[in-house]
K.L.:
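Submitted below is the structure of interest, expressed as C-alpha cells.
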Amino acid sequence: MQIITLFILAIPIACIAWTVTHEEIFREPREFCITQTHKAKTTLKKKFFYVFTCEYCFSHYVTVLLLVITNYKLLYADWRGYLIAGFALVWIANIYMSLFALIRLDVKKERIEGELEEKELNKKS
C-alpha cells in the first residue's frame with residue numbers, strides 16, 4: 001500500500017511544481033522571481049527566488065508540505081520514514097514532470113509539422 005501511495009502522492013507534487021514553474025497562469029510571478037534571481041545582491045535572496053523558477057527545487061518544498069498534510073512515511077514509522085518518503089516522492093514527481101515535458105514537446109512538434117504541411121499545401125493551391 002505504501003508504494004501505491006508513493007506513486008499517487010507524487011502526482012499532485014508534480015502537478016503543483018510544474019504549474020508554478022512553467023504554466024502561463026503563474027507567468028508574471030515567475031518573471032518577477034527570475035528578475036529577482038538576477039538582481040538580488042545576496043546569495044540567500046537569489047536562491048529564495050530561484051526556487052520558484054525550478055521545478056526540481058520547488059518540488060522539494062511541495063513535498064515537505066504534502067508530507068506535513070498527509071503524515072505519509074515510507075518504510076519506517078519514525079523520522080526516517082519521512083526522510084525516505086520525501087526523497088522518493090521528489091524522485092517520482094520529477095519523473096512524472098520529465099515525462100510530461102517529453103509528451104508536450106512531442107505534441108508541439110506534431111502541431112508545428114502540421115502547420116508547416118498546411119502552409120505548403122496552401123502555397124501549391
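Numbering starts at 1 and runs along the sequence shown.
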K.L.:
Distance check, rounded to the nearest 0.5 Å: D78 atom CG versus K73 atom NZ?
P.N.:
8.0 Å
K.L.:
Distance from I92 atom CD1 to I95 atom CD1, nearest 0.5 Å?
P.N.:
4.5 Å
K.L.:
I want to check something: taking the side chain as every heavy atom from C-beta on, are Y50 and C57 in contact at a cut-off of under 4.5 Å?
P.N.:
yes
K.L.:
How would you list, by chain and number, every residue that makes a ring-ring contact (aromatic ring centres under 6.0 Å, His included) with F49, sequence neighbours excluded?
P.N.:
F32
K.L.:
Taking everything shown except I69 itself, do over 12 heavy atoms lie less than 6.0 Å from its CD1?
P.N.:
yes
K.L.:
To the nearest 0.5 Å, what is the distance between CG on N94 and CG on L99?
P.N.:
11.0 Å
K.L.:
Strictly under 6.0 Å, is that where the ring centroids of H22 and F26 end up?
P.N.:
no
K.L.:
The criterion is ring-ring contact (aromatic ring centres under 6.0 Å, His included); which residues satisfy it with F48, sequence neighbours excluded?
P.N.:
F52
K.L.:
Would you mind reporting whether L6 and L89 have side-chain heavy atoms less than 4.5 Å apart?
P.N.:
yes
K.L.:
Under 3.5 Å, is there a donor-acceptor pair between the side chain of Y82 and the main chain of V68?
P.N.:
no
K.L.:
Is the shortest distance from a Lys or Arg side-chain nitrogen in R27 or E31 to a carboxylate oxygen in the other one below 4.0 Å?
P.N.:
yes
K.L.:
Report the distance from atom CD1 of I11 to atom CD1 of I16, rounding to the nearest 0.5 Å.
P.N.:
12.0 Å
K.L.:
Do Y96 and W18 come close enough that some side-chain heavy atom pair is under 4.5 Å?
P.N.:
no
K.L.:
I'd like to check C54 versus T21 (side-chain heavy atoms, cut-off strictly below 4.5 Å). Are they in contact?
P.N.:
no
K.L.:
State plainly whether one hydrophobic cluster holds both I25 and I13, where clusters connect Ile, Leu, Val, Met, Phe, Trp and Tyr through side-chain heavy atoms under 4.5 angstrom apart.
P.N.:
yes
K.L.:
Are V90 and F7 co-members of a hydrophobic cluster defined by side-chain heavy atoms under 4.5 Å apart?
P.N.:
no
K.L.:
Let me confirm one number: the OG1-CZ distance from T63 to F58, rounded to the nearest 0.5 Å.
P.N.:
10.0 Å
K.L.:
Might you point out which heavy atoms bring P12 and I8 nearest each other, and give the distance in Å?
P.N.:
CD-O, 3.1 Å
K.L.:
Would you mind listing every salt bridge (charged side-chain N to carboxylate O under 4.0 Å, His left out) that reaches into residues 98-109, with sequence neighbours excluded?
P.N.:
E23-R104
K.L.:
Should the heavy atoms of other residues, nucleotides or ligands under 6.0 Å from NZ of K46 be counted, would the total exceed 12?
P.N.:
yes
K.L.:
Could you check whether any side-chain N or O of Y72 sits under 3.5 Å from a backbone N or O of Q2, counting only pairs where one atom can act as donor and the other as acceptor?
P.N.:
yes
K.L.:
Roughly how far, to the nearest 0.5 Å, is NZ of K39 from CD1 of I34?
P.N.:
13.0 Å
K.L.:
In the single-linkage hydrophobic clustering (I, L, V, M, F, W, Y; side-chain heavy atoms under 4.5 Å), do L65 and F87 co-cluster?
P.N.:
no
K.L.:
Should N122 and E118 be marked as a side chain to side chain contact (heavy atoms under 4.5 Å, CB included) after you check the CA-CA gap, both sets of side-chain angles, and the distance that decides it?
P.N.:
CA-CA 6 Å; N122 288 340; E118 188 176 314; 4.1 Å; yes
K.L.:
Could you see if L9 belongs to whatever hydrophobic cluster contains M97? Use Ile, Leu, Val, Met, Phe, Trp, Tyr and a side-chain cutoff under 4.5 Å.
P.N.:
no
K.L.:
Shared ILVMFWY cluster between L67 and I3, side chains joined below 4.5 angstrom?
P.N.:
yes
K.L.:
Say whether, by atom type as modelled, one donor and one acceptor occur between the side chain of S59 and the main chain of Y56 under 3.5 angstrom.
P.N.:
yes
